[in-house]
Amino acid sequence: MEQQKKRETWHSSLGFILAAAGSAVGLGNIWRFPYITGEHGGGAFVLIYLICVALIGLPVMLCEIALGRHTRRNPVGAFKQLNPATCNLAVLFGVGLIFCGVMMLIMRSFGWGILFTLIGALVTKYRWTVVGVMGVVAGFVILSFYAVVAGWTVGYIGKAISGRLAFDTVDAAAVSFGSFIGNPFLSILCLFVFMALCIAIVCKGVQGGIEKISKLLMPLLFLLLILLIIRGLTLPGAMAGVRYYLRPDFSVISGESILVAVGLAFFSLSLGMGAMITYGSYVSKEQNLFTSSMAIVGLDVLVAFLAGLAVFPAVFALGFAPDSGTGLAFMALPTVFNQMPLGILWAFVFFLLLLVAALTSGISLLEVVTAYWVDERDWTRRNATLVFGGCIFLLGTLCAVSVENWDSIRPVQSLLQTLFARLQPSLFATMETASDWMLALGGLMTALFVGWIWGIRHAVDEIRHGSQNFADVHLWSVLAGLKDDPSHNSEVHVYTIASVWGVFVRFICPVAVVIAFLYTIGWLDLGEDASPEPPPEPAAELAPP
Ligand code: TRP
């Protein structure tokens, strides 16, 4: 195969873990997680989120990394290489999609009709490779709105330095935020700065760019976070926030919260679009994939948890509402900081923290797109990052402008309106919703592929390299510390971490994601009417299209 060109690898296993954790830890943890937790009632949501991460996130993470290391390719190449010559499941799926698409066209729902028919045709022809293609497309979609928010943090760092974050009320902060994101010149400039940083890092390659910067930025991120937590917890009245955050109140949990948790788990762990396949493709055979996955997932959860601990005590101590939504980071927090001694400093630390987190995630998204063009199309890394980073920047400018000035880009607006028969709130919001769907679908497909097509046996053979405990020692023996006991272990090959993982990948993860889907599109009702009043707001995440 032409693929035998020497592939770059991570310099060290810690380097890989930090880079992958850098991808996972991002705006999802520090910006989305606290505000979504705030909207869904605090502690109980945190618990549900943890369960989703353990049941779905960890198994799928291991699937992706194993796929990547085995094929040593980008997501498209990985699925292409393992694509079976014929696959009834894929054909069935493809034909089903075409059927749905045609029905939608007949019902004059053109956007969905075209989308379903097109994807159905592709699935019928290319089978599982389509999952990889969808991943690369998702890279464009996600980074185009992600970079917009990351750009705002760049702008807010500037504001903090120049002392323009001194708000006395949340209303004043809201006005300022509105005029900032409504200023096309400023938001595009900030977006440009962020994309330029991403392009510069990814251009430098895996070891010299991504790994090096992750090793520098991840410790910095922890340092900044710890600083903020200490500050927040030492404010008088902070304990109310801690209590709100950590004490589960199950009465506010609805079926919708569970879905949001599933979507957030995929997003926050960078799963479902091949980012971990790509990063996994640079991992050496000696590395222990199982413990690495646990470390990545653990770090991601830890940062999300700590971010909540940094945010809620401060918000409560100064008497703000914890459920102020998206604006929590950009409106409530600057106001909170302003009332503390040395407020400007804390605001600066917080937005720097956000930027650091966003940067290590942004580069992983760009790397997926880059790896595809480098591996499959023989582009040079430099050209690929410049050209496609540039395309993402252009798409991002449209997203950025659409947030406050949606009417000023009529052509895009009416295109979306014709396709989806309803006015979208903004291109930004459309991209965000689309990404949730793509990730959940991609994660589902990855689990099905590994579980049923590539096969758990082959996957385990891959993971076994560098991880003896995974498949060759009885789980009880591992847990009991008897793993080196020579007398019985390797013969008792029934109950291992690998067999538990296999059951998860084949059954539990797909079923859980499908239930989440059915619920979202309204085919399944998890006894919603049992709750006295409907949830105040339709889910921003995973909302039905
Ligand atoms: N996980 C990142 C966050 O929490 C975002 C992200 C980076 C991502 N790469 C991804 C999300 C790949 C999905 C897929 O902010």
Side-chain angles (χ1 to χ4, degrees), residues 18-37 49 52-53 56-57 60-61 63-65 68 74-75 131-132 134-153 194-195 198 201-202 210 214 217-218 221 225 260-280 296-297 299-308 326 329 353-372 392 431-446 541-542:
L18 286 184
S23 163
V25 171
L27 297 174
N29 305 56
I30 303 174
W31 167 64
R32 268 182 132 191
F33 179 79
Y35 94 73
I36 292 178
T37 304
Y49 177 71
C52 287
V53 166
I56 307 177
V60 175
M61 172 76 72
C63 287
E64 286 207 8
I65 298 181
N74 65 92
V131 183
M134 208 172 71
V136 175
V137 175
F140 275 90
V141 170
I142 299 176
L143 192 49
S144 71
F145 79 83
Y146 199 82
V148 171
V149 183
W152 296 344
T153 71
F194 180 77
M195 281 309 297
C198 285
I201 296 168
V202 175
I210 300 176
S214 305
L217 292 186
M218 290 306 283
L221 182 134
L225 201 50
V260 172
V262 173
L264 188 64
F266 277 114
F267 185 87
S268 176
L269 292 170
S270 299
L271 294 176
M273 58 145 305
M276 291 300 164
I277 298 181
T278 312
Y279 273 21
I296 298 164
V297 172
L299 282 173
D300 186 68
V301 170
L302 181 69
V303 172
F305 178 76
L306 291 180
T326 324
L353 173 72
L354 269 185
L355 178 63
V356 165
L359 195 57
T360 49
S361 302
I363 55 182
S364 78
L365 288 160
L366 186 57
E367 174 63 24
V368 174
V369 178
T370 304
Y372 168 71
I392 293 171
M431 292 294 206
E432 203 180 345
T433 312
S435 77
D436 275 325
W437 283 84
M438 293 175 97
L439 294 183
L441 196 62
L444 172 67
M445 290 299 154
T446 308
E541 282 60 45
L542 274 172

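Start at 1 and go down the list; that is how both ligands and their atoms are numbered.
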Determine, step by step, whether Met276 and Leu269 satisfy the side chain to side chain contact (heavy atoms under 4.5 Å, CB included) criterion, reporting the C-alpha distance in whole Å, the side-chain angles of both residues, the deciding distance to 0.1 Å, and the verdict. CA-CA 9 Å; Met276 291 300 164; Leu269 292 170; over 6 Å; no

Between the main-chain N or O of [Y] and the side-chain N or O of [X], is there a donor-acceptor pair closer than 3.5 Å?
| X | Y | result |
| --- | --- | --- |
| Ser270 | Ala275 | no |
| Tyr146 | Leu27 | yes |
| Thr360 | Gly22 | yes |

Kindly write out the residues that satisfy side-chain contact (heavy atoms from CB on, under 4.5 Å) with Leu299, not counting sequence neighbours, or none if the list is empty.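 Result, side-chain contact (heavy atoms from CB on, under 4.5 Å) vs Leu299: Ile17, Ala21, Phe222.
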
Going by the side-chain contact (heavy atoms from CB on, under 4.5 Å) test, name the single residue among Met438, Glu432, Met273, Met431 that passes it with Ile142.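 Single pass found, and it is Met273.
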
Quick check for students: name every N or O atom pair between ligand 1 and the protein closer than 3.5 Å, with distances.
from	atom 1	to	atom 2	distance (Å)
ligand 1	1 (N)	Ser23	O	3.2
ligand 1	1 (N)	Ala24	O	3.0
ligand 1	1 (N)	Phe267	O	2.8
ligand 1	1 (N)	Ser268	O	3.1
ligand 1	1 (N)	Ser270	OG	3.0
ligand 1	4 (O)	Ala24	O	2.9
ligand 1	4 (O)	Gly28	N	3.4
ligand 1	4 (O)	Asn29	OD1	3.2
ligand 1	9 (N)	Ser270	OG	3.3
ligand 1	9 (N)	Ser364	OG	3.2
ligand 1	15 (O)	Leu27	N	3.0
ligand 1	15 (O)	Gly28	N	2.7
ligand 1	15 (O)	Tyr146	OH	2.5

